[in-house]
Structure formats: C-alpha cells, structure tokens
Amino acid sequence: MNRARLTHDANEIAKYFAAYPREEAIAGVADHITKFWDPRMRAELAEMLAADESGLHELVLAAASRLR
C-alpha cells in the first residue's frame, strides 16, 4: 500500500479518537487498526514505525506498542 495513503488512514483514525480521554483514544486507535486493517497494512505500518517515519499522529505513535 502507498505509505502516504497508509499515513493518511492512520491519522484519520487518530483524529476520530482524539476527542476521547487519552487512554481510551490510544486503545481505540490500536483496536481499530488490529480489527480492521489487513495483515499487510499492519506490517507496512510496523515498518514505518520502525523506520521512525514522521507524519503519523501522536495517538498512532502511542498506540504502536499495543498493535498485535
């Protein structure tokens, strides 16, 4: 998947959960990505996180350790 599109999608999820209390927002982002993204998308996101690519919303970065 295009990394720009993946970043956009992840950030949109984070923006949705941004209004929630922080812990709930982090859990919501992680849960959504785990449940609804296919394994290739999650693998690509993991590669982006490992490469420390910028552009990801801070809630996505905070949720990274909870992604399975």
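Here, residue 1 is the first one in the sequence, and each next residue gets the next number. Side chains are part of it too, since the values below use all heavy atoms of this structure and drop only hydrogens, waters and symmetry mates.
Taking all atoms of both residues into account, the shortest heavy-atom contact from Val29 to Ala14 is CG2-CA, 3.8 Å. Across Leu56 and Ala10, no two heavy atoms sit closer than the pair CD2-CB, 4.2 Å.
With rounding to the nearest 0.5 Å, the separation of CD in Glu12 from OG1 in Thr7 is 11.5 Å. Between the NE2 atom of His32 and the CG atom of Asp9 there is a distance of 8.5 Å, given to the nearest 0.5 Å.
A donor-acceptor pair under 3.5 Å is absent between the side-chain atoms of Arg42 and the main chain of Leu67, judged by distance alone.
The only option from Leu61, Val60, Leu59 that meets the side chain to side chain contact (heavy atoms under 4.5 Å, CB included) definition with Ile26 turns out to be Leu59.
Between Arg5 and Glu44 there is no salt bridge, since no side-chain nitrogen of the basic residue lies less than 4.0 Å from a carboxylate oxygen of the acidic one.
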Problem - CA sep, side-chain torsions, deciding dist, call: Phe36, Ile13, side-chain contact (heavy atoms from CB on, under 4.5 Å) - result: CA-CA 11 Å; Phe36 299 108; Ile13 295 164; over 6 Å; no
